[in-house]
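To start, the structure under review is shown below, and the notes come after it.
A, B, ... follow the sequence lines: proteins, then strands. Residue 1 opens every chain.
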Number of protein chains: 2
Amino acid sequence: MADLVYRKVMHDLKQKIMANAFPNKRLPDERSLSEQYSVSRSSIKRALKILADQGIIFKKRGSGTFINPLFMKNKTIFHYEGSNLGITDSLKSQGMTPKIKLLSFKVIPANEELQQDLFLSPGDFVYEIKRLRSFDNQPFMIETGFIPIKIAPELSQDIVSGSIFNYIEEKMNKRVTRSFLSILASPSDKTDQELLNLSVNEPVGIMEGIFFLDDGTPFEVSNMRLHYKYLRYNTFVMLDDY
Amino acid sequence: MADLVYRKVMHDLKQKIMANAFPNKRLPDERSLSEQYSVSRSSIKRALKILADQGIIFKKRGSGTFINPLFMKNKTIFHYEGSNLGITDSLKSQGMTPKIKLLSFKVIPANEELQQDLFLSPGDFVYEIKRLRSFDNQPFMIETGFIPIKIAPELSQDIVSGSIFNYIEEKMNKRVTRSFLSILASPSDKTDQELLNLSVNEPVGIMEGIFFLDDGTPFEVSNMRLHYKYLRYNTFVMLDDY
DNA sequence: AAGTGGTCTAGACCACTAC
DNA sequence: TAGTGGTCTAGACCACTTA
């Protein structure tokens with residue numbers, strides 16, 4: 001995957017942007033980039049499109065391509081980034097060592113809400129997986145996930161003690177490529193305070209979401225309660241009507 | 001704008017999909033579409049890419065292009081797409097009556113951070129606008145906005161007591177179409193507690209963002225502190241590329 | 001093996017911005 | 001007018017799925 005032309009260009013430009021290789025906050029024009037990288041202008045455009053979709057750069061027709069200044073900020077702090085679906089990979093890409101502690105692992109009948117969210121029928125069962133995620137001995141997230149047993153019949157205590165998404169991709173040869181997320185804030189409860197080392201007036205950030213496989217099947221409903229210092233959800237909204 | 005090839009194809013296909021013109025939930029292959037529409041395959045791909053980004057279709061390499069069954073079953077899932085950036089409109093569409101109380105309105109020199117975020121030069125000035133938003137007599141948001149005076153030289157106390165975005169669109173004939181948002185949680189401070197009727201252990205949700213005009217010009221830097229019960233940010237994440 | 005989507009090229013022409 | 005990004009084409013070859 002990593003040998004694709006547009007991906008290489010995209011990654012290289014991203015790296016250069018972060019290394020402040022363009023102090024004037026402006027990228028070379030597309031035709032020059034095409035020459036520099038010895039690739040077609042189309043490939044340059046494709047790489048730039050991705051960076052633009054991620055909000056890292058923006059283009060002004062007739063004028064040039066510029067770096068979004070807000071993207072450069074807050075890079076020193078650890079945070080969960082909206083651009084990655086999996087928590088494990090999200091942490092790894094930031095050089096963190098993720099750790100997972102399994103709190104509980106059960107099979108329960110899906111209630112009505114889960115039936116709706118996961119397109120299940122009455123009587124269907126789901127795994128209920130509670131986990132505590134940490135990095136560098138700092139717990140930052142309590143995660144409760146629900147997965148239909150018929151989608152992943154072979155889940156074991158061993159598997160769910162690691163990255164479930166990686167298991168799905170490597171062993172089941174499917175990809176988790178979409179999710180609906182809700183993000184909100186809430187006072188912490190006793191469990192939060194104990195597990196996440198929070199004082200009573202410190203809140204949690206909550207992410208609720210449904211994750212989908214690449215064929216459109218809803219795969220997991222997840223409720224994530226995060227230490228408030230470790231949630232920063234970045235998102236780029238475009239209203240350019242297609 | 002509507003005469004672009006890929007847009008026409010995209011709209012036409014979208015309409016056909018909704019009219020159930022593909023009962024087998026499968027689109028013709030790209031080469032056939034290219035012939036049917038008498039456009040290049042690249043243009044077909046571009047149209048399909050947009051539909052895929054919107055979650056309407058998904059592609060399977062070697063197999064074909066298929067209609068997302070979820071799109072037909074539950075269209076509310078994709079609801080965030082039509083949503084508006086402006087708070088005022090966002091509330092109105094939910095049947096709420098928004099109210100704005102102007103807390104302060106000043107002109108100050110842009111500090112270094114604002115200069116960067118808003119593409120300003122040293123010595124440039126910005127408006128600093130602090131407002132409290134309520135609906136049905138329930139205050140829910142403290143908003144601090146910074147807008148370059150050179151972008152909107154005619155801002156008055158009267159204007160900023162209402163919807164600034166609406167003013168921009170109606171009087172200045174520009175559109176706010178993009179924003180870069182960070183969402184996080186934080187304990188409330190004394191001001192939050194007073195203005196938003198929060199107790200000490202109740203948090204705020206924070207949205208920090210830069211809003212851009214449709215030509216890419218950064219228009220406003222905004223810091224929004226929300227009563228935690230009134231922040232729920234919904235988003236749809238796709239990882240198909242990258 | 002046939003058919004599908006994915007990647008990439010080289011180049012033409014258009015639309016907008018800056019000077 | 002010169003330079004920028006935007007659109008579009010025609011075609012080559014690759015990677016994957018299905019039979």
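Residue B:S43 is classed as a sugar-phosphate contact, given heavy-atom separations below 4.0 Å to backbone atoms only.
Aromatic pair B:Y127/B:F146: ring centres not closer than 6.0 Å.
Between the P atom of D:dA10 and the CD atom of B:E35 lies a distance of 12 Å, rounded to the nearest Å. Summarising the geometry, the separation between NZ on B:K49 and P on D:dT7 is reported as 14 Å, rounded to the nearest angstrom. A straight line from CZ of A:R7 to P of C:dC8 spans 10 Å, rounded to a whole angstrom. Atom pair A:M10:CE and C:dT7:P shows a separation of 12 Å (rounding to whole Å applied). Per the geometry, CG belonging to B:L33 stands 14 Å off C1' belonging to C:dG3, to the nearest Å. The CD1-C1' distance, from A:I44 to D:dT4, rounds to 15 Å in whole Å.
Looking at A:S161, its side chain does come within 3.5 Å of a backbone N or O of A:Q157 through a donor-acceptor pair.
The side chain to side chain donor-acceptor pair (under 3.5 Å) test applied to A:S182 returns B:R232, B:N234, not counting sequence neighbours. With sequence neighbours excluded, no residue forms a ring pair (Phe, Tyr, Trp, His ring centres under 6.0 Å) with B:F66.
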Pairs: protein N or O with nucleotides 4-6 of chain C N or O, under 3.5 Å:
{"unit_1": "C:dT4", "atom_1": "O2", "unit_2": "B:G62", "atom_2": "N", "d": "3.3"}
{"unit_1": "C:dG5", "atom_1": "OP1", "unit_2": "B:T65", "atom_2": "OG1", "d": "3.1"}
{"unit_1": "C:dG5", "atom_1": "OP2", "unit_2": "B:E30", "atom_2": "N", "d": "2.8"}
{"unit_1": "C:dG5", "atom_1": "N7", "unit_2": "B:R31", "atom_2": "NH1", "d": "3.0"}
{"unit_1": "C:dG5", "atom_1": "N7", "unit_2": "B:R41", "atom_2": "NH2", "d": "3.3"}
{"unit_1": "C:dG5", "atom_1": "O6", "unit_2": "B:R31", "atom_2": "NH2", "d": "3.2"}
{"unit_1": "C:dG6", "atom_1": "OP2", "unit_2": "B:K45", "atom_2": "NZ", "d": "3.1"}
{"unit_1": "C:dG6", "atom_1": "N7", "unit_2": "B:R41", "atom_2": "NH2", "d": "2.8"}
{"unit_1": "C:dG6", "atom_1": "O6", "unit_2": "B:R41", "atom_2": "NH1", "d": "3.1"}

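To the nearest 0.5 angstrom, A:K8 atom NZ is 11.0 Å from A:S43 atom OG.
Classification of B:D12 and B:K16 as a salt-bridged pair holds, one side-chain N sitting under 4.0 Å from a carboxylate O.
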